[in-house]
Amino acid sequence: MQPMLHTFLSVRMARLSVPMARFAGLLLLVLLVFASGEHHAQGILPAGLERTQDPSAWSLDRVGQQEAGLTDSVLSYAQFQAWVAERHPIARQGALLEARAQARLQQARGGFDPKLAAGWSVKDYSESDYWDIRGAELKIPTWAGVELKADYAFAEGEYVNAERTVPVDGQFCFGLSVNLLEGLITDRRRTDLRMAQAFGAQASAEREALLVDLFLDAAQAYWDWSFAQARAALADRFRLLAEQQLDIAIAQFEGGNRAAIDTLEARIRVDKRYAEWIEAQVAEANARWMVSAFLWTEDGFPVALEEDLLAEQPEVRQPEVPSLATVLEREAGLAQNHPILRAATAKWAQQDFERRFKAQQILPRLQGSYQWLTPASPFGENLQDRLTADYKFGLELELPLFFRKELGAAREARWKLEQLQWEQAQKTVALEVKLRQAYNALEGGQRLLDRYRRVAEDSRTLYRAEQTRFAIGESTPFLVNSRENSFLDAQLKYLSTQAKQHVLEAKWFWATGQTGP
């Protein structure tokens with residue numbers, strides 16, 4: 001009798017020692033933080049961020065819950081998703097992708113910006129006015145590949161080159177230049193602009209792909225946490241129940257209705273349930289920290305969840321299994337809807353623009369220009385004659401003899417394009433397979449859930465019946481323990497399948513390129 005009571009008291013003391021150990025660990029952590037100094041504490045912060053003076057920014061306590069819009073002690077899955085989408089670093093990186101695309105588009109559009117140039121050159125040597133040359137020039141590139149040009153030239157002096165001779169007041173020049181072979185269909189400026197526009201579509205799709213991946217990982221962490229909480233609560237309930245059964249077994253032994261071996265078996269069950277409860281607590285704490293890794297403040301600091309904040313239970317909302325018609329519709333629209341394939345298409349378009357530009361490089365370079373010349377006072381006499389008589393016209397031809405550089409570049413661009421085509425085809429097939437797998441898993445999981453629900457209910461009925469028989473002395477602790485183990489296993493399997501269904505739903509959304517319903 002004495003060993004049994006000693007064991008019973010040890011169990012009670014162990015239950016009391018858990019909060020004492022937590023308090024001691026918390027006190028030690030506080031002392032270490034104060035002893036480490038401000039300099040060392042700031043070393044763990046993300047680069048570019050300053051330490052906040054508000055402690056609620058580091059843990060989601062009651063004040064932090066109210067600021068986050070959590071009016072109760074449950075962090076719902078919808079609130080968790082909204083928080084992750086708004087504040088997680090990966091979500092913010094996605095916004096930077098689009099900002100980078102806008103910067104690249106602005107840079108490409110800058111290739112069509114007008115350019116203004118001016119110069120002034122004077123030489124006066126040995127009391128001689130060699131020259132006084134001034135000029136200004138404005139160039140305006142256009143999308144059609146034609147460059148408009150306007151300039152003003154002034155030159156005077158004893159040694160001015162005859163080519164620079166202009167009227168006394170200077171000369172205006174208005175004209176254009178155009179590539180007649182190479183660069184007629186496309187050139188570097190137009191290619192860069194088209195590639196920047198395609199890169200914007202790629203950045204937008206890649207941002208969505210980042211969010212889709214992030215939401216899948218976040219869903220896995222959240223429902224693992226939900227199941228871990230349910231498992232810990234179930235383990236605690238069975239632990240307390242085992243202690244009650246130990247008390248009953250001891251009382252029946254003292255009354256002469258039970259053998260001493262029955263009390264030993266009851267004590268073994270208490271130790272076993274206590275060990276399972278500890279394991280469940282550790283798993284729940286680890287799952288809580290996994291969820292905390294997805295929660296950040298607006299200032300870019302991580303958030304630690306308080307222990308009294310609970311997850312939404314899986315049975316609150318059951319995932320819907322899509323119909324086969326929906327599966328076929330989503331499968332047909334993968335190329336247009338899934339961000340991974342949209343990003344691949346945009347990347348292919350960029351390479352296709354580059355291929356077209358490289359193909360243009362094979363042609364000879366032939367540039368023609370025409371400029372109308374007029375004095376500084378263009379509306380003077382003989383204006384009509386000057387419109388047709390005073391001009392400059394030129395042709396410039398550049399022809400490589402072998403075109404080896406241009407041909408090699410065109411072939412490389414074509415091969416890169418073909419490589420992207422094969423990559424896109426492989427990604428399409430892989431996503432179609434994952435889409436079908438996600439649907440099969442979600443539909444099969446729903447049927448499994450119905451079976452496990454009935455198994456759990458039937459196991460509960462058998463367990464309660466065995467408890468009743470044990471209370472009136474018609475059963476043994478061994479049979480009660482057997483029924484209890486069967487019921488516990490069935491209940492855990494049912495809870496695990498419930499949480500898994502939500503993860504399978506998240507995988508279905510990932511396969512369709514969505515972050516949620």
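Just so you know, residue 1 is the first one in the sequence shown, and it goes up from there. Values below: every heavy atom of this structure, side chains too, minus hydrogens, waters and symmetry copies. The structure displayed is predicted, hence computed values, not measured ones.
Checked for salt-bridge contact, R190 and D187 meet the test: a charged N lies under 4.0 Å from a carboxylate O. A salt bridge links E137 and K149; the closest N-O separation between the charged side-chain nitrogens and carboxylate oxygens is under 4.0 Å. For D450 and R453, the salt-bridge test passes: some basic side-chain N is under 4.0 Å from an acidic carboxylate O. The pair D489-K493 does not meet the salt-bridge criterion, since no charged nitrogen lies less than 4.0 angstrom from a carboxylate oxygen. Ion pairing between a basic and an acidic side chain is recognised when a charged N comes within 4.0 Å of a carboxylate O; R207 and E98 show such pairing. Between E354 and R188, at least one side-chain nitrogen of the basic residue sits less than 4.0 Å from a carboxylate oxygen of the acidic one, meeting the salt-bridge criterion. With salt bridges taken as basic N to acidic carboxylate O contacts below 4.0 Å, none links R288 and E307. Ion pairing between E412 and K416 holds under the 4.0 Å rule for side-chain N and carboxylate O. Contact check on K115 versus D113 returns no salt bridge, with no Lys/Arg side-chain nitrogen under 4.0 Å from an Asp/Glu carboxylate oxygen. A salt bridge is defined here as a Lys NZ or Arg NE, NH1 or NH2 lying under 4.0 Å from an Asp or Glu carboxylate O, and R447 with E443 meets this definition. With respect to R87 and E298, a salt bridge is recorded, a charged nitrogen being found less than 4.0 Å from a carboxylate O. Ionic pairing of R342 and E208 is present here: one or more N-O contacts between side-chain nitrogen and carboxylate oxygen are shorter than 4.0 angstrom. Salt bridge R414/E418: absent, no basic N to carboxylate O contact under 4.0 Å.
When the shell of 6.0 Å around CZ of R164 is examined, it contains 12 or fewer heavy atoms from other residues, nucleotides or ligands. Atom CH2 of W422 has 12 or fewer neighbouring heavy atoms from other residues, nucleotides or ligands inside a 6.0 Å radius. Around CD of Q421, the count of heavy atoms belonging to other residues, nucleotides or ligands within 6.0 Å exceeds 12. Crowding of E315 atom CD: a count of heavy atoms from other residues, nucleotides or ligands under 6.0 Å exceeding 12. In this structure, L399 places its CG atom where more than 12 heavy-atom neighbours from other residues, nucleotides or ligands lie under 6.0 Å away.
Taking all atoms of both residues into account, the shortest heavy-atom contact from I362 to F403 is O-CE2, 2.7 Å. The heavy-atom pair separating A196 from R104 by the smallest distance is CB-O, 3.9 Å. The shortest non-hydrogen separation linking W120 to D132 is NE1-OD1, 2.8 Å. Scanning all heavy atoms of the two residues, the minimum distance from A198 to F353 falls at CB-CE1, 4.4 Å. Residues A311 and Q229 share a closest heavy-atom pair of N-OE1, 2.9 Å. Across every non-hydrogen atom of L105 and Q197, the tightest pair is CD1-CG, 3.7 Å.
Atoms CG and OH, on L295 and Y222 in that order, are 10.5 Å from each other to the nearest 0.5 Å. The line from CG of L324 to CD of E329 is 12.0 Å long, rounded to the nearest 0.5 Å. Taking CG from L395 and CZ from F393, the interatomic distance works out to 4.0 Å, rounded to the nearest 0.5 Å. Taking CD1 of I185 as the reference point, atom OG1 of T191 lies at 11.0 Å (rounded to 0.5 Å). Annotation: the span from Y452 atom OH to Q491 atom CD amounts to 13.5 Å, rounded to 0.5 Å.
Between Y152 and F172, the angle of the ring planes lies from 30° to 60°, which puts this pair in the tilted group. The aromatic rings of W223 and Y77 sit tilted, their planes meeting at an angle between 30° and 60°.
Residues P314 and Q501 fail the side-chain proximity criterion, which asks for heavy atoms closer than 4.5 Å. Between Y370 and V178, the closest side-chain pair of non-hydrogen atoms is not below 4.5 Å. For the pair L407/F402, no side-chain contact is recorded, criterion being any heavy-atom separation below 4.5 Å from C-beta on. The shortest distance between side-chain heavy atoms of F112 and I140 does not fall below 4.5 Å. No side-chain heavy atom of L176 sits less than 4.5 Å from a side-chain heavy atom of S369. When side chains are defined from C-beta on, W131 counts as touching S121, because their heavy atoms get closer than 4.5 Å.
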| task | Could you give me the CA-CA distance, side-chain angles and deciding distance for E206 and Q202, then say whether side chain to side chain donor-acceptor pair (under 3.5 Å) is met? | result | CA-CA 6 Å; E206 288 181 348; Q202 178 186 348; 2.8 Å; yes
| Checking salt bridge (charged side-chain N to carboxylate O under 4.0 Å, His left out) for the pair E86/R92: CA distance, chi angles, key distance, verdict? | CA-CA 8 Å; E86 181 181 357; R92 297 185 177 185; over 6 Å; no
| Criterion side chain to side chain contact (heavy atoms under 4.5 Å, CB included) on W83 and V303, from CA distance to verdict | CA-CA 11 Å; W83 196 322; V303 171; 4.2 Å; yes
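Judged by a 6.0 Å distance limit and a 45° cone about the ring axis, R436 is not positioned over the six-membered ring of Y439.
Proximity of a side-chain donor or acceptor of S204 to a complementary backbone N or O of A201 within less than 3.5 Å is not detected. A side-chain donor-acceptor contact under 3.5 Å links N161 to the backbone of E163.
Between F215 and W510, the ring center distance fails the sub-6.0 Å criterion.
A donor-acceptor contact closer than 3.5 angstrom links the side chains of Q514 and R330. When only modelled atom types and interatomic distance are considered, T345 and Q424 share a side-chain donor-acceptor pair under 3.5 Å.
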